[in-house]
Amino acid sequence: MQSRKHRAGSGNVQRLPAMFAATAISATFLASAAHAQQSAPSIGDTLPDCADVPDFTACKFPDGKVRVVISDERIYDPVRTYGDRQSSSPGSQVNLYGDQIDATAADHPAEILNQLPGVNVQMNSGQEHLIAIRSPVLTGGAGQGSFLILENGVPTRSPAFGNVNSLIEPHHEIADAIEVVRGPGSAKYGSNAVHGLINVILPEPGEGSEVRASYGTLGRWRTDMKLDEGQHWLVNLSLMKDTGWRDNTDVSQQKLSVVGKFNPGLWDATVWLSGQNLEQESGGYITGADAYKDEDIAKTNPDPDAYRNAWSARLGARLERSLFDGTLTLIPYAHSQAMIFSQHFLPNGGVEKNGHTGGGVMVRYEQPVSEQLTWRVGTDLDAATGYLREIQPDPFGFFPGDSRFPQGVHYDYDVDTTVAALWTELEWALSEDVRILAGLRGESHDYDYSTKAPAGINGRFNVPADRSDSYEFLTPKLGAVWSVSDTVDLYANYARGARAPQVSDLYRLQSLQVVGQIDAETLDSVEIGARGAALDGRLVFDVAAYWMDKENFFFRDSDGLNVTDGSTEHKGVEVSAAYDLTDTLSLSGNVSWSDQTYTFDRIIAGSASNTILDGNEIDTAPEWLANARLNWQATDRLALSLNVEHIGEYFTDPGNQNTYPGHTVLGARAAWAWTDTHTVWINIRNLTDERYADRADVSFGTPRYFPGEPVNATIGLSRTF
């Protein structure tokens, strides 16, 4: 939206390339001074430690924070890091800011997140999706539990109750920023931050009001409103109605968030309430080799009765105050969600209903021990209760007498969970140029399960008897940053990611599984990188190389069978950069290469497609990902851009027998600010009308696809006030 903090200081900021805006603050001035006991200067004070780059100055203040000083001398913090992660920390992190979020006008979270290196969110039907961050695209329990989704630094769900479609819940449409950490974040953030985390940061009062409306040629209407009281309250509302470009694929979604800021006594308080409601008619897979290339087949829906209805609500607060020369932060929160959907992705056509309600508190304390040493400590407590019901309404079998998929109830259980964690972190400035960051987290998960369905084997379904389970693990982290110059940092980082099993991992079992055999999944990661600015600040870059080893990998194969003891290896290189070609023309983008392989054997007699051999490439893990954008500020009021997204070839089955060739999709945007408060814009997606698949895989020996959208345009109008 137009009234962003980062845009308020000067119109020049709008001409920054998208990647530049996302990385310049963290990359331009990373030479790290120790945290000092001084407050940030006010406007008019002498600005310390500043480096000029195009259109703004980046300054490091005595409190250790980097702030942006616009040409009119107003001072702005970079995006609020509600995740308590500093941009100068070792490891790979990138922020999408409000300007880029607004320009993308994403109707689906994949459209904004896939602009980042190492990220591959596959769109399915409507708002359904699957996530990959330095990983294959993961499904089932692995997809639920491998990525931590946050809103204002708070998990949107309790750890054991994940959702592969979890990005439908945060209010990303009006976000002030989206923070993405690539690689394990478990040392501070806990279970589920295995491959990475996504933190959606809501705007705060004082940034102004705006109304935005748009219509797409595929029949998609959307309205976003931000109503700002100016000091204490902000109300955000997003409404979308999509008639669907495929048959019987209507989508209706509503999102609401309310943010308040107060200063009760010695505390600085931010509170928020957010929620969403989704009702959609889901489109099923189209099947057959290269079916996505046929325009008529792509528009069909083989499962016209499929649907997904879901709602969620979250309440949180962030309370900060000074205490004993340090800062104490309390973050109480609560959340609830429920969902019912048809399992159109399974041949037997079940219906699932699930939900959970939970809450807890996150406590953080940070204190400078000396000029060189800063100590942080925290504890997290979470309790939740949830349920899952699965029923198969109609008889099904692949052949006469097939009894593996019995009609009726498959699962009907309730689970109570408690999670307790304690973590600590030390940041040590060895010199003016070298910093060390070490962290350790201990975490305990307890489950209390009870079933209403009869215990035992029911076809291919295994219902455990009532039981309790517990898991404990440690996740360490050790990193170093070396500022080799005023504008370039080198870093190295080791981190362990871990996740306790999802409730569905533990208690929605297959007939060949043994109850209680699932262990906590772990991933060890080593990465090195360089980030900074060059050519008088006109070039900003970030390069990272990583190697990761995962043990106790739990996943579901293409025949719907669970694998409990897998192991995998992941390695890759990510390069992102932004370059100001002229004062009005900029180029930004990224390229990611990865090699992701199985490191165990699983022989399936008579099924080469499902047989896993040590060294096989993991299915749905493209070797190459790329994204680029050319921005041109044609006049003071007219901005034009071209963008391209590339998904490389990947195997669609674990046996490496079938492939999807990948695709390249072009897009364009034009925005005209015809007054100081009114802007009209047009986004064109799939400019060349490429026939491609958002997702491709093999199920029960059959290739299947979610087809990508044909060429389409979205026209919008926004007004600030």
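We use all heavy atoms of the structure for the numbers below, so side chains are in, but hydrogens, waters and symmetry mates are not.
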*Can you name the closest pair of heavy atoms from L148 and P155 and give their distance?*
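Minimum heavy-atom contact is CD1-CB, 4.3 Å.
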*Looking only at non-hydrogen atoms, find the nearest pair between V415 and Y507 and report the distance.*
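So the minimum-distance heavy-atom pair works out to CG2-CD1, 4.0 Å.
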Considering only NZ, NE, NH1 and NH2 on the basic side and carboxylate oxygens on the acidic side, decide whether [X] and [Y] come within less than 4.0 Å.
X    : Y    : answer
E111 : R685 : yes
E210 : K226 : no
R212 : E173 : no
R695 : E128 : no
D414 : R389 : yes
D697 : R704 : yes

*Between L256 and V235, is any pair of side-chain heavy atoms under 4.5 Å apart?*
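The answer is yes; the side chains approach within 4.5 Å.
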*Would you check if S576 and V94 make a side-chain contact, meaning some heavy-atom pair closer than 4.5 Å?*
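S576 vs V94: side chains apart.
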*Y660 vs Y705 aromatic rings, parallel, tilted or perpendicular, using cut-offs 30° and 60°?*
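Because their plane-to-plane angle lies in the 30° to 60° range, the rings of Y660 and Y705 count as tilted.
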*Aromatic ring pairing F555/F553, orientation class (parallel under 30°, perpendicular over 60°, tilted between)*: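 Answer is parallel, since the angle falls under 30°.
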Measuring from [X]:[atom1] to [Y]:[atom2], what's the distance to the nearest 0.5 Å?
X    : Y    : atom1 : atom2 : answer
F706 : S282 : CZ    : OG    : 8.0 Å
L717 : T223 : CG    : OG1   : 10.5 Å
D653 : T659 : CG    : OG1   : 9.0 Å
N124 : Y285 : CG    : OH    : 5.5 Å
N686 : E645 : CG    : CD    : 10.5 Å
L218 : W245 : CG    : CH2   : 8.0 Å

*Test item: N301 side-chain N/O and D303 main-chain N/O as donor-acceptor pair under 3.5 Å*: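 Yes, the answer is positive, given that a donor and an acceptor are paired below the 3.5 Å cut-off.
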*Can you tell which of V259, L234, D176 makes a side-chain contact (heavy atoms from CB on, under 4.5 Å) with L202?*
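For L202, the side-chain contact (heavy atoms from CB on, under 4.5 Å) check succeeds only for V259.
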*Flag yes if more than 12 heavy atoms outside W221 fall under 6.0 Å of its CH2 atom; otherwise flag no.*
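Check fails, neighbour count at 12 or below.
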*Give me the one residue out of E169, Q276, H335, E151 that meets side-chain hydrogen bond (donor to acceptor under 3.5 Å, both in side chains) with R314.*
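Considering E169, Q276, H335, E151, a side-chain hydrogen bond (donor to acceptor under 3.5 Å, both in side chains) with R314 is found only for E151.
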Distance only, no hydrogens: is a donor on one side chain within 3.5 Å (strictly under) of an acceptor on the other, for [X] and [Y]?
X    : Y    : value
S274 : H171 : no
N627 : Q115 : no
D228 : S209 : no

